[in-house]
Visitor: 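Starting off with a structure, shown below.
Note on naming: letters A, B, ... go to the chains in the order of the sequence lines (proteins, then strands), and numbering restarts at 1 for each one. What you see below is based on every heavy atom in this structure, not just the backbone, and it leaves out hydrogens, waters and symmetry mates.
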There are 2 protein chains.
Amino acid sequence: MFDYTEDMKEKLSFFNERQQKITEMVDKSGSLRVADLSKQFNVSEETIRRDFEKLEAQGLLNRIHGGAVRIEQKSEIPIPKRRAKNIEEKEMIAAKAASYVEDGDIIAMDASTTTLIMTKYIKGKSLTVITNSIGVSLEFAQESDIRVILIGGYLAESSMSLVGNFAERVIQDYHVDKFFFSCLGVDFKRGVSEIHEDQALVKKQLISISEELFLLADYSKFGEKSLFRLCDITEADYLITDNKVPINTIRELNNLGVTGIVGEKSD
Amino acid sequence: MFDYTEDMKEKLSFFNERQQKITEMVDKSGSLRVADLSKQFNVSEETIRRDFEKLEAQGLLNRIHGGAVRIEQKSEIPIPKRRAKNIEEKEMIAAKAASYVEDGDIIAMDASTTTLIMTKYIKGKSLTVITNSIGVSLEFAQESDIRVILIGGYLAESSMSLVGNFAERVIQDYHVDKFFFSCLGVDFKRGVSEIHEDQALVKKQLISISEELFLLADYSKFGEKSLFRLCDITEADYLITDNKVPINTIRELNNLGVTGIVGEKSD
DNA sequence: GGGTAAAATGTTCGATTATACAGAAGATAT
DNA sequence: ATATCTTCTGTATAATCGAACATTTTACCC
């Protein structure tokens, strides 16, 4: 006889009851502490951390030191802010990155502030540039020796860039010598990550057709991790950063086979 | 010994959450003081400064002596300006054409002066717009109810538009209700023609996926013919022109099944 | 039912992180 | 200018984390 009892549905839950509860709790209260949950559920703190790890991977919460917080789902419209400040570091990084661009290169550039700054250092060269940034293409529009390919897509107002899955089909036909891109976080374990899924998609595509990867990340990016993983840190060939990054970090990079480069003040 | 009660501490806020709160607070009030926040969150001033440092690096606020302020943002994308001949006629045509755009439409617009002018008459509507014109997309960038799809391609500097054969692959997936486009020549025998091959290609593609065709042509276009044929004149559903066109021409159009429409002065 | 592989959980410990504190250097106001 | 407030720098410390390994629980198969 079949006996559909309560027990059966328990089995079917794809994550355990505790994780389910944690998800509800974080949605309700906004933040949770590892220590608290450990006591509350009568399990070790490690277990709670492993729960967090899984839930984070599923995009159900964000981990922070000491606990976890609810994911704020507001990134659609209200943050056109990501620009401006630590211009100084970005300027250094951009100038350094530009020095790796050679005549005849086919390069790709993402839609970040740093690459936008980069444009002024590589004007005058003879290049093919693939990008999804309207700003970058406008900068090169007047340059007769630079051929610009703008990847099509939905216009993301906040970053003035183009995103969307149909870039995929187009990008695959191209070969790129050097891809210059930024990210939201660089973490030795979690790799290179980005907060916006659509930007992440485009970058991943560009990564897949590029021979050399130049990751541009100022000091504030180190140790940060965000939801969407672009690639492993070791996949990058060069990581260009600024002089606020500890020398040990650079050493560690070099040990991993990533050429860590520190930009210098040029002005 | 200290004698503080639970409510004094209110320290469920840990690292990330505090930074998040600070971001909200600075957006709301415009400015914050280090000393105030230090008391409010029950952490040392150094901690608040480090928070500021990180948030500043992310471009979420600006630091000042003693505190931090909201960052005021200006658009850094230059809006391309255009000058053209027959502005008056084009204005009339554009306004008329815009009156055919309805809420909910999926429209396509080419990279002509007339469609660029058109944009100002259809702002505020709720639309999906497919275009290969950077100018058109920039005009709509701030419009929250307009979803812009920019067709990718090589950047043609002269017209600030995108051309190239890979538009084909992408365009085919879409359906367009109304396509608004211009041309170089309209001739009853030779049809609608264009001088630039690459622009012609994109327009042909858009024509093939569009239900209704709105051809925008001022009086100077009639009788002109150019190298690349876009379509037969009878394929257009509407032809919007100006009052310098002889009334006989309009009649002839109507006889061919094309609704000839004359724009009027609106100012 | 017993055996076994896989998954979940616990334990330990070195590494990392957030934070406080103190003193020097810098900025501001009177 | 000088007194005061703010910031920066380095150091110390406690909490927290992550990795490796040990143990338990669960699932599955014969």
Visitor: Judged by each residue's nearest nucleotide on DNA chain D, which is more toward the 5′ side, A:E53 or A:A35?
Guide: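 So the residue in question is A:A35.
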
Visitor: Using a 3.5 Å distance criterion without hydrogens, assess whether the side chain of B:N132 forms a donor-acceptor pair with backbone atoms of B:L162.
Guide: yes

Visitor: Would you sort out whether A:H175 and A:D177 count as a side chain to side chain donor-acceptor pair (under 3.5 Å), showing the intermediate values?
Guide: CA-CA 7 Å; A:H175 161 80; A:D177 294 324; 3.0 Å; yes

Visitor: I need a per-nucleotide contact map over nucleotides 25-30 of chain C, read 5' to 3'. Cutoff is protein heavy atoms under 4.0 Å; write B for the base, S for backbone only, - otherwise.
Guide: --SS--

Visitor: Are any non-hydrogen side-chain atoms of A:T47 and A:R18 less than 4.5 angstrom apart?
Guide: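 In short, these two side chains touch, coming nearer than 4.5 Å.
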
Visitor: Check this one for me: any side-chain N or O of B:R63 less than 4.0 Å away from OP1 or OP2 of D:dT6?
Guide: no

Visitor: Only one of A:Y121, A:F179, A:F214 clears ring-ring contact (aromatic ring centres under 6.0 Å, His included) with A:Y100; which?
Guide: A:F214

Visitor: Whole Å only: how far is the CZ atom of A:R18 from the C1' atom of C:dA7?
Guide: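 To the nearest whole Å, that distance equals 13 Å.
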
Visitor: Suppose the criterion is salt bridge (charged side-chain N to carboxylate O under 4.0 Å, His left out): which pairs have a residue in residues 106-115 of chain A, not counting sequence neighbours?
Guide: A:D110-A:K203

Visitor: To the nearest Å, how far apart are A:L55 CG and C:dA8 C1'?
Guide: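 It is 15 Å, rounded to the nearest whole Å.
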
Visitor: State, to the nearest 10°, the angle formed by the axis through the first five base pairs of the helix from C:dG1-D:dC30 to C:dT30-D:dA1 and the axis through its last five.
Guide: 40°

Visitor: Among residues at least two apart in sequence or on other chains, which ones pass salt bridge (Lys or Arg N to Asp or Glu O under 4.0 Å) with A:K204?
Guide: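 For A:K204, no residue satisfies salt bridge (Lys or Arg N to Asp or Glu O under 4.0 Å) once neighbours in sequence are set aside.
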
Visitor: To the nearest Å, how far apart are B:F41 CZ and C:dA18 P?
Guide: 16 Å

Visitor: What pair of heavy atoms forms the shortest contact from A:D103 to A:S126, and how long is it?
Guide: OD1-N, 2.8 Å

Visitor: Indicate yes or no for a side-chain donor-acceptor contact from A:S38 to the backbone of A:V43 under 3.5 Å, with no hydrogens or angles considered.
Guide: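 Yes, the answer is positive, given that a donor and an acceptor are paired below the 3.5 Å cut-off.
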
Visitor: For B:K39 and C:dA20, what is the distance between atoms NZ and P respectively, to the nearest whole Å?
Guide: 15 Å

Visitor: Calculate the interatomic distance between B:I64 atom CD1 and D:dC8 atom P; express it in whole Å.
Guide: 13 Å

Visitor: Quick one: salt bridge (Lys or Arg N to Asp or Glu O under 4.0 Å) partners of B:E46, sequence neighbours excluded?
Guide: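 B:E46: salt bridge (Lys or Arg N to Asp or Glu O under 4.0 Å) contacts with B:R49.
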
Visitor: So, the side chain of A:K221 versus the backbone of A:C183: is there a donor-acceptor pair under 3.5 Å, distance only?
Guide: yes

Visitor: Enumerate the residues from residues 45-52 of chain A whose closest heavy atom to DNA chain C is under 4.0 Å, giving them by residue number; use none for an empty result.
Guide: A:E46, A:T47, A:R50

Visitor: Hey, is the side chain of A:R33 poking within less than 4.0 Å of OP1 or OP2 on D:dA15, counting only N and O atoms?
Guide: no

Visitor: Test your reading of the model: is there a side-chain donor-acceptor pair from A:D242 to the backbone of A:G263, 3.5 Å cut-off?
Guide: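 Checked: no pair found.
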
